[in-house]
Protein chains: 2
Amino acid sequence: MAEKTFLANKLKSAGLRMTPQRKLILSILDETSDHLDAEEVYRRAKKLNSKLNIATVYRTLNVLKEMDLIEQRYFARDHGVEYYETVTKGEHYHFTCLGCRKIIEVETPKIKQVQAEFAALTGAQFTHACVCFEGYCADCVDSEESFTL
Amino acid sequence: MAEKTFLANKLKSAGLRMTPQRKLILSILDETSDHLDAEEVYRRAKKLNSKLNIATVYRTLNVLKEMDLIEQRYFARDHGVEYYETVTKGEHYHFTCLGCRKIIEVETPKIKQVQAEFAALTGAQFTHACVCFEGYCADCVDSEESFTL
DNA sequence: ATATTAATTGCAATCCATTCGCAATAAGTG
DNA sequence: CACTTATTGCGAATGGATTGCAATTAATAT
Ligand SMILES: [Mn+2]
Ligand SMILES: [Mn+2]
Ligand SMILES: [Zn+2]
Ligand SMILES: [Zn+2]
């Protein structure tokens with residue numbers, strides 16, 4: 001039951017209102033481990049609220065991001081599309097395979113270390129880091145090799 | 001004199017032609033240590049070739065990037081605009097100050113270490129990494145503090 | 001419960017960085 | 001110089017994301 005009111009409370013303390021659309025959109029991201037772009041969130045949400053509008057999805061994703069309930073990510077070299085995931089998973093980064101487009105999550109303390117070192121050195125304060133790796137996963141490296149042999 | 005032909009040779013071996021536009025656009029990035037977006041490259045180049053077109057700038061930046069003569073970067077959380085710099089500087093990453101918009105270059109071996117570890121662990125091959133940090137530089141942290149006191 | 005008020009939604013129009021189609025131009029070869 | 005084909009300039013198009021606005025609805029006070 002604290003569950004039920006968590007979003008509502010967060011919204012209220014920001015002077016915002018709880019709406020079915022916001023609840024729905026957050027639940028979609030909470031219930032998947034995928035990384036979804038706005039279109040995909042819209043597609044999934046629309047099945048449960050057929051008159052939902054894509055503009056509401058964009059606005060809601062921005063609200064949820066501002067409230068630190070979801071994280072916005074970019075993948076691969078072309079950062080033309082934004083993807084989202086809940087913050088419930090711990091700190092991690094992403095590797096995108098250019099062969100099969102699969103996304104592999106990378107856990108490492110080294111990024112935070114870089115930030116700590118730079119902060120100590122310069123006095124800067126970090127608020128955010130965008131880290132995306134790109135290349136070929138083991139499977140795709142193997143099949144490439146059998147091609148080029 | 002090897003200078004003069006370096007770009008031409010690289011182009012030729014890719015089946016591409018040397019043009020005044022390409023020479024001009026590369027020279028602009030070679031002669032600055034700033035990170036320029038396409039508009040700014042265009043602005044500067046147009047002073048020297050008034051009939052240059054922005055589409056040519058975009059096409060040329062892509063050609064130069066493909067040939068590994070320049071690097072494409074994203075800065076700060078909003079990756080809506082692409083920036084470019086020459087590859088003559090060594091491997092480095094970027095910190096963007098949200099206060100004064102200044103960009104500070106960060107040198108560290110840790111990013112490559114992350115890649116090496118992940119490659120050893122999974123067999124993946126890396127082709128590219130996009131790493132951008134964001135926060136407040138020491139100057140802006142200081143002036144923020146004097147505000148909130 | 002009901003009225004009140006301001007936040008939110010749906011919809012369409014708009015933004016804006018980047019790309020694309022195409023005819024005219026120009027680079028490279030011999 | 002002539003020929004082939006890459007490249008340019010120009011305008012139109014793209015596509016993800018945002019915005020203006022009138023209608024709706026959530027939250028609060030009565
Ligand atoms: Mn993830
Ligand atoms: Mn740089
Ligand atoms: Zn793969
Ligand atoms: Zn600053």
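All chains are named by letter (A, B, ...) in the order of the sequence lines, taking the proteins before the strands, and each is independently numbered beginning at 1.
Applying the 4.0 Å criterion to OP1 and OP2 of D/dA6, one finds that B/Thr19 has every side-chain N and O outside that range. OP1 or OP2 of C/dT19 sits under 4.0 Å from a side-chain N or O of B/Asn62. A close approach under 4.0 Å does not occur between any side-chain nitrogen or oxygen of A/Lys51 and OP1 or OP2 of D/dT24. Between B/Thr56 and D/dG9 there is a side-chain polar atom (N or O) within less than 4.0 angstrom of OP1 or OP2. Between B/Tyr58 and the phosphate of C/dT18, there is a side-chain N or O to OP1/OP2 separation shorter than 4.0 Å. Close to C/dT9, at under 4.0 Å from its OP1 or OP2, lies no side-chain N or O of A/Asn53.
Within 4.0 Å (heavy atoms only), B/Gln21 reaches sugar-phosphate atoms of the nucleic acid but no base atom. Residue contacts shown for B/Asp78 are absent, as no nucleic acid heavy atom lies under 4.0 Å away. Using a 4.0 Å heavy-atom distance criterion, A/Ile54 is classed as making no nucleic acid contact. Looking at heavy-atom distances under 4.0 Å, B/Glu82 makes contact with sugar-phosphate atoms alone, never a base.
When distances are taken from the side chain of B/Ala55 to each of D/dG11, C/dG10, C/dA27, the shortest belongs to D/dG11.
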Verdict with reasoning, B/Tyr42 to B/Tyr58, per ring-ring contact (aromatic ring centres under 6.0 Å, His included) | CA-CA 9 Å; B/Tyr42 176 59; B/Tyr58 277 105; 9.0 Å; no
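Here D/dA27 presents its P atom at 9 Å from CG of A/Leu11, a figure rounded to the nearest Å. If you measure from atom CZ of A/Arg17 to atom P of C/dT5, you get 12 Å, rounded to the nearest angstrom.
One side chain, A/Glu91 or A/Tyr93, offers a donor N or O that lies under 3.5 Å from an acceptor on the other. Checked by atom type, the side-chain pair B/His35/B/Glu105 shows a donor-acceptor distance below 3.5 Å.
The aromatic rings of A/His79 and B/His79 lie parallel to each other, their planes meeting at an angle below 30°, with 60° marking the opposite boundary.
Between the base of C/dT8 and the side chain of A/Arg22 there is no donor-acceptor pair shorter than 3.5 Å.
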